[in-house]
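The next block holds one structure in the form of structure tokens; read it before the comments.
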Amino acid sequence: MTDLRIRRWIFLGLAVIVVLTMLVPVTTKVTVSPYTQRMYDYIDSLPAHSVVMVSFDHDASSQPEIRPLSLCLLRHAFSRGLKMAGVSFQSEGTVIGYRMIEQTAKEFGREYGVDYVYLGFRPQLQAAILQLGESIRGLYAQDYFGTPLDSIPMLVGIDSLAQIAVVLSIADANNTTHWMEYGKARFNVPIIAGVTASMVTSYDPYLSSGQLSAMVGGLRGAAEYERLLNRHGAGQRGMLAQSATHLYLIALILTGNFIFLRARRGKK
Amino acid sequence: MFLQYFSPHPLARAVNRGMLDYWQILSAIALVVGVVGVARTNLMGLIAGKDRINRLTVLAGVMAMPILAWLWGTTAGSPFVWMFEYVQMPMQATVFALLAFFVASASFRGFRARNAQATVLLVSATIILMSRLSFGEGFLSQFQWIGDWMRDNPSMAARRAILIGIGLGSLTTSLRVLLGVERTWLGGSK
């Protein structure tokens, strides 16, 4: 069989597995990892009415992974009575972030301007974080809808990162690093993160050193968080597809190596 | 910018705020330069008759989004947001999802135990894949703690070494630029 034909069969196999497993209404049971538990405990320990700044710094491409995770974290925060201030330093994350914060706020009957606010997009993450540390109004004179910040009840007396309980960075690249380097190091605001699975190992050293207070990652993290919240969602639904795909990849690796070793032995 | 870290004086803070404002303004101007560059390159290509359909699609996209935003705004329910949610987002997610197919193909054709190092990588990858499975709390769930151990120890040690290397490299390059030893950024070869 030619290389191209083999590749087509591999692609077809993957597509069939993903489609079939997404159609099957089976929920797999996940074991909660210590990392996810740490995030849950951290949010749980924040006093009610604390202001959490949620930074949506991700692309549209990572939506399937980021969305279930973000919804879990927002739901947990709203259920604890925390107040949210949404920002975005990546243009594509702006609308996505607003949609998610609005959806979860509605679920918990929260009121815009009192329980949550959305400030919108600003370019240049590093400069923006440094400015937030100096003055939130210096960076955002108005919110996402053009309302002056001074007329928003939730932001009365809040004008810098010093008055923020914690920053939740939802990111698919290295933007959380900037929050730690500028927000945490310069203004000592605690940082927690919800990231894609591929970024988890990049942030592990920061988590271990305490520069990152808690982190949860990927679809698996979302599924674990859903279990902690006792709520069925896209995380648990997607885990069957992800697990089946992993098994498929393992089977491909083993088959490829079996063929390779047999061919090498044949040459000898 | 560097010195203001060491001074809480109001003048230093004011200078810092001013510089941060200019930083934002400059990045907005850089965006305009980028848009003009994309439009110019594609217009030239269009005139030259190369890849006409692709170039027309790019130009239509570049022009349509600002026009939609200007006419109807960018609030929820506007045509701009509709285009973003139902055109841009699915397209980006599709391109990103293609990675899974490339990984599947690569795991069959390239992930081979050619030598000792490749074998270590192969075994590690397989264990990590197993540790991310979720089929209840049976035999397979035992791989989770092995995966977590690998993440907390060998992986983290390697990642730390890379981070320290990057930090030292950035520091020495910055010093070379500041002291004028490194001048290639000004043009020329030395």
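Source: prediction; values computed, not measured. So that the names make sense, note that chain A is the first sequence line, chain B the second, and so on, each numbered from 1. Only heavy atoms go into these numbers, but all of them, side chains included; no hydrogens, no water, no symmetry mates.
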For S105(B) and R7(A), work out which heavy atoms get closest and say how close. OG-CG, 3.3 Å

Taking the side chain from R220(A) and the backbone from L133(B), do they hold a donor-acceptor pair closer than 3.5 Å? yes

Is it the case that more than 12 heavy atoms not belonging to L179(B) sit under 6.0 Å from its CG atom? yes

Option in I96(A), L240(A), T94(A) with maximal non-hydrogen atom pairs under 4.5 Å from chain B: I96(A)

Relative to chain B, which segment of Q124(A) carries a heavy atom at a distance below 4.5 Å: side chain, backbone, both, or neither? both

Using modelled atom types and a 3.5 Å cut-off, is there a donor and acceptor pairing between side-chain atoms of H246(A) and backbone atoms of L129(B)? yes

To the nearest 0.5 Å, how far apart are OG in S27(B) and CG in L125(A)? 11.0 Å

After noting the C-alpha distance and the side-chain angles of I10(A) and F101(B), does the key distance pass the side chain to side chain contact (heavy atoms under 4.5 Å, CB included) rule? CA-CA 8 Å; I10(A) 290 171; F101(B) 291 91; over 6 Å; no

Can you say whether A223(A) sits under 4.5 Å from chain B via the side chain, the backbone, both, or neither, judging by heavy atoms? neither

Under 3.5 Å, is there a donor-acceptor pair between the side chain of N257(A) and the main chain of A113(B)? yes

Please assess I6(A) against F108(B) for the test side chain to side chain contact (heavy atoms under 4.5 Å, CB included), listing each intermediate value before the final yes or no. CA-CA 10 Å; I6(A) 292 171; F108(B) 178 73; 3.4 Å; yes

Do the side chains of M156(B) and S208(A) get nearer than 4.5 Å, heavy atoms only? yes

Under 4.5 Å from any heavy atom of chain A - which part of I162(B): neither

Side chain / backbone / both / neither for L139(A) at chain B, heavy atoms under 4.5 Å: side chain

Proximal component of I259(A), with respect to chain B [non-hydrogen, under 4.5 Å]: side chain

Is L249(A) close to F111(B) at the side-chain level, that is, under 4.5 Å between some pair of heavy atoms? no

A100(B) versus chain A, the contacting section by heavy-atom distance below 4.5 Å: both

Supply the atom-to-atom distance R151(B) CZ to S33(A) OG, rounded to the nearest 0.5 angstrom. 7.0 Å

Aromatic Y203(A) / basic R159(B) pairing, under 6.0 angstrom, 45° off normal: no

For the CE atom of M89(B) and the OG atom of S61(A), what is their distance to the nearest 0.5 Å? 10.0 Å

Please give me the minimum heavy-atom distance between F102(B) and F11(A), naming the atom from each residue. N-CE2, 4.5 Å

Tell me, out of T94(B), D148(B), L26(B), T126(B), who's got the most heavy-atom pairs with chain A below 4.5 Å. D148(B)

Between F96(B) and D59(A), is there a side-chain heavy-atom distance shorter than 4.5 Å? no

Find the distance between CZ (R114(B)) and CG (L261(A)) and round it off to the nearest 0.5 Å. 10.5 Å

Kindly indicate whether the side chain of L31(B), heavy atoms from C-beta on, has any atom under 4.5 Å from the side chain of P123(A). no

Select one option (side chain, backbone, both, neither) describing which atoms of T245(A) are under 4.5 Å from chain B's heavy atoms. neither

Does the side chain of Q63(A) pick up a donor-acceptor pair with the side chain of Q92(B) at under 3.5 Å? no

Contacting moiety of L252(A), where chain B heavy atoms sit under 4.5 Å: both

State, to 0.1 Å, how close R112(B) and F260(A) come at their nearest heavy-atom pair, and which atoms those are. CD-CB, 3.3 Å

Hey, could you give me the CG/CG distance between D204(A) and N153(B), rounded to the nearest 0.5 Å? 10.5 Å

Just give me the residue among P64(A), A15(A), G138(A), G13(A) that pairs up with chain B most often, heavy atom to heavy atom, under 4.5 Å. A15(A)

Run the numbers on W23(B) and Q131(A) for side chain to side chain contact (heavy atoms under 4.5 Å, CB included), then give the verdict. CA-CA 10 Å; W23(B) 191 345; Q131(A) 244 179 2; over 6 Å; no

Within a 6.0 Å radius of atom CZ on R160(B), are there more than 12 heavy atoms belonging to other residues, nucleotides or ligands? yes

Could you measure the distance from the CD1 atom of I253(A) to the OG atom of S107(B)? Nearest 0.5 Å is fine. 5.0 Å

Start with the C-alpha gap between W145(B) and T31(A), add the side-chain angles, then the distance that decides, and say whether side chain to side chain contact (heavy atoms under 4.5 Å, CB included) holds. CA-CA 10 Å; W145(B) 72 262; T31(A) 315; over 6 Å; no

As an exercise: rank A244(A), A251(A), P205(A), A60(A) by heavy-atom pairs under 4.5 Å with chain B and give me the winner. P205(A)

Does any backbone or side-chain atom of Q236(A) lie under 4.5 Å from a heavy atom of chain B? Answer side chain, backbone, both or neither. neither

Could you look at S131(B) and say if it's the side chain, the backbone, both or neither that has a heavy atom under 4.5 Å from chain A? backbone

